[in-house]
Trainee: 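For reference, the structure I am asking about is given below.
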Protein chains: 2
Amino acid sequence: MSDPATPDEQQRVALAVSTVIFALRPHPTTRRLAVHLPLVRRIRAPHQGRWALPGGPLGASEGLGAAASRTLGETTRLRPRYLEQLYAFGGPDRAPSAAERTVSIVYWAMVRPEEADAGVAGVNVQWFLADELPELAFDHNLIVEYALWRLRNKLEYSRIAAAFLGETFTLAELRGVHEAVLQRPLDPANFRRQMEASGRLVPTDEFRTGGRHRPARLFRHDESIHLADNGPLTRA
Amino acid sequence: MSDPATPDEQQRVALAVSTVIFALRPHPTTRRLAVHLPLVRRIRAPHQGRWALPGGPLGASEGLGAAASRTLGETTRLRPRYLEQLYAFGGPDRAPSAAERTVSIVYWAMVRPEEADAGVAGVNVQWFLADELPELAFDHNLIVEYALWRLRNKLEYSRIAAAFLGETFTLAELRGVHEAVLQRPLDPANFRRQMEASGRLVPTDEFRTGGRHRPARLFRHDESIHLADNGPLTRA
DNA sequence: TCAAAAGTGTTTCACTTACACCCATGG
DNA sequence: CCATGGGTGTAAGTGAAACACTTTTGA
């Protein structure tokens, strides 16, 4: 796809893919929505016993994104609603015993809450609050921080919040996503106008009833607009 | 650095690094500054004879960024003022004869005009206008487009324009960089206030004389502020 | 003294923010 | 009928854009 050198010029390295998976779940104490992510416990050296991002080796006949999606599913049984490449890591000082060079491509993904509960179950896979993580294996703390920065950034100029919601949703639900990600309350009136002005929302004829208050109109996202910038491949 | 799987689980692949190098040079007809980039002509299959991004294989004991910097220097004799990872490409359908899998990490870089002229010389290395490229090898056209998008984006919220300029510069020179990259004229008065308000500029006591007009004050960039977001490694 | 660019002041307009207020529903 | 959140209106504040104007130099 994108390289000028021919194979015989190139060095062979081990290549793996990891993924930062975000989901919104109730905070254990405040019960308000908060950004969570699943981690897997390492069962072998290096960093045995530590929590790490789910991932695995690159398959022989799959793309990088496909590998991220697959290894993510194998370790956590989650299927991402959104998947985007984050960064490639490949310092020469990786292997502890100087055995072999490894480069990892890290992706970040978003899943819906329903999926989140179904997927993660075992004692070796567990949800953590995104901003209260233990010390992770490798430089995974740094990676999560960077992914969070990207998530918060993209919320402002893309309809990425859709990945945390169903097909239709009320403005209050959408606002809840923004508040959970940005960790601050937003004015309902101004949020509504902002969203309406963005042109990304399409009102439906349906309403969400059941609360002890006026029913809220359901919206959907404009399908003609791409979910978000997903790198060069989906931008063209 | 960042991978949960151990070497024996991982597939071995060929890995190479390419770089999109930007420099500002006078437009061949209008003589105004325009974004250019150097390309190298491929001397072997696949895509023999086509222009491509400079690059090469990853060395055994160097980081990804170091490899980009090195291969860039070997092919064009340029030394980047700024270097940032762009994207990793690794579709399974790369090799024409289905021989071996190759993944490339693409970087983008900026160099100063003086360096630009010195570096690129041979018939197999040549400068091109960034928005008037011929059909390149692989998917390099797509990559350049994405890199240009990142460059224009970053101009707005970082002091990245510094990489195109010397240690000190006038506001007109800085504005010239912005105008060349964004391809539209900017109001001098408003540009001045924007830059002053950003807090990234430090005025010096020196002035640029010689024009048939009032001398312009020289500024420098605040060194305490990082050049730009350079991925997770330099953000923490 | 004049052209040209440096640098300042000012008006306008769009958008965000804060908050008051009415609407519709379930209990 | 009233508490609760849905939804609308509006005035103040902030910042960008447009442009008139003054300043300072080289020729």
Side-chain angles (χ1 to χ4, degrees), chain A residues 26 30-33 152-159 161 165-166 168-221, chain B residues 26 30-33 152-159 161 165-166 168-221:
Chain A
T30 70
R31 308 307 301 163
R32 297 174 55 184
L33 283 183
R152 292 186 173 124
N153 239 350
K154 286 224 159 177
L155 208 62
E156 291 174 8
Y157 65 90
S158 76
R159 36 166 276 223
L165 295 167
T168 59
F169 45 86
T170 68
L171 279 169
E173 289 164 355
L174 183 60
R175 179 163 49 86
V177 171
H178 281 247
E179 288 177 337
V181 172
L182 300 178
Q183 291 181 300
R184 64 185 160 94
L186 299 172
D187 185 300
N190 296 331
F191 181 80
R192 163 184 301 269
R193 273 184 291 257
Q194 249 183 299
M195 288 300 110
E196 281 171 346
S198 77
R200 294 191 294 255
L201 286 192
V202 179
T204 72
D205 291 336
E206 294 181 287
F207 293 82
R208 176 95 71 215
T209 57
R212 337 186 334 187
H213 52 78
R214 178 173 170 177
R217 185 180 291 276
L218 290 173
F219 291 80
R220 75 175 69 254
H221 273 109
Chain B
T30 69
R31 310 304 303 161
R32 296 174 56 184
L33 283 183
R152 292 185 174 126
N153 239 350
K154 284 225 159 176
L155 208 61
E156 292 175 8
Y157 65 89
S158 77
R159 34 165 279 221
L165 295 167
T168 60
F169 46 84
T170 69
L171 279 169
E173 289 164 354
L174 182 61
R175 180 163 49 86
V177 171
H178 282 247
E179 288 177 337
V181 171
L182 300 177
Q183 292 180 300
R184 63 185 161 96
L186 299 173
D187 185 298
N190 296 330
F191 182 79
R192 163 184 300 272
R193 273 185 290 259
Q194 251 183 297
M195 289 301 111
E196 282 171 346
S198 77
R200 295 191 293 255
L201 287 191
V202 179
T204 71
D205 292 336
E206 294 182 286
F207 293 82
R208 175 96 70 217
T209 58
R212 344 189 323 193
H213 54 78
R214 179 173 170 178
R217 184 180 292 276
L218 290 174
F219 291 80
R220 75 174 70 254
H221 272 109

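Everything quoted here is computed from the prediction, not taken from an experiment. In what follows, chains are A, B, ... by sequence order, proteins preceding strands, each numbered from 1.
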Trainee: Going by number, which of residues 207-218 of chain B have a non-hydrogen atom under 4.0 Å from DNA chain D?
Mentor: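 Hits under 4.0 Å, by residue number: B:G211, B:R212, B:H213, B:R214, B:P215.
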Trainee: Listed by chain and number, what are the side-chain hydrogen bond (donor to acceptor under 3.5 Å, both in side chains) partners of B:E196, not counting sequence neighbours?
Mentor: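 Expected list: none.
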Trainee: Applying side-chain hydrogen bond (donor to acceptor under 3.5 Å, both in side chains), can you list everything that pairs with A:R192, at least two apart in sequence or on another chain?
Mentor: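 For A:R192, no residue satisfies side-chain hydrogen bond (donor to acceptor under 3.5 Å, both in side chains) once neighbours in sequence are set aside.
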Trainee: Got a sec, which residues hit ring-ring contact (aromatic ring centres under 6.0 Å, His included) with A:F219, two or more places apart in sequence or on another chain?
Mentor: none
Trainee: For B:R152, enumerate each residue passing the side-chain hydrogen bond (donor to acceptor under 3.5 Å, both in side chains) test, keeping only those at least two apart in sequence or located in another chain.
Mentor: B:Q183
Trainee: Considering only heavy atoms, which members of residues 186-195 of chain B lie under 4.0 Å from some atom of DNA chain C?
Mentor: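 Result for residues 186-195 of chain B: B:A189, B:R192, B:R193, sorted by number.
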Trainee: For residues 202-211 of chain A, pull every pair meeting side-chain hydrogen bond (donor to acceptor under 3.5 Å, both in side chains), keeping only residues two or more places apart or in separate chains.
Mentor: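 As it turns out, the side-chain hydrogen bond (donor to acceptor under 3.5 Å, both in side chains) pairs with a partner in residues 202-211 of chain A, which skip direct neighbours, are A:E173-A:R208.
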Trainee: Give the minimum heavy-atom separation between B:L33 and B:A180, together with the two atoms involved.
Mentor: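 Taking every non-hydrogen atom into account, O-CB, 3.4 Å.
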Trainee: side-chain contact (heavy atoms from CB on, under 4.5 Å) with A:R184: which residues, sequence neighbours excluded?
Mentor: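 Result, side-chain contact (heavy atoms from CB on, under 4.5 Å) vs A:R184: A:L182, A:L186.
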Trainee: Once ring pair (Phe, Tyr, Trp, His ring centres under 6.0 Å) is applied, what residue pairs with a partner in residues 173-209 of chain A remain, sequence neighbours excluded?
Mentor: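 Ring pair (Phe, Tyr, Trp, His ring centres under 6.0 Å) check on residues 173-209 of chain A returns A:H178-A:F191.
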Trainee: Shoot me the first and last contacting nucleotide of DNA chain C against chain B, ordered 5' to 3', at under 4.0 angstrom to non-hydrogen atoms.
Mentor: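 Extent of the interface on DNA chain C: C:dA3 to C:dT10.
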Trainee: Check side-chain contact (heavy atoms from CB on, under 4.5 Å) between A:A216 and all other residues, then give those that pass, not counting sequence neighbours.
Mentor: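 Expected list: A:T170.
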Trainee: Using side-chain hydrogen bond (donor to acceptor under 3.5 Å, both in side chains) as the criterion, list what pairs up with B:N153, not counting sequence neighbours.
Mentor: none
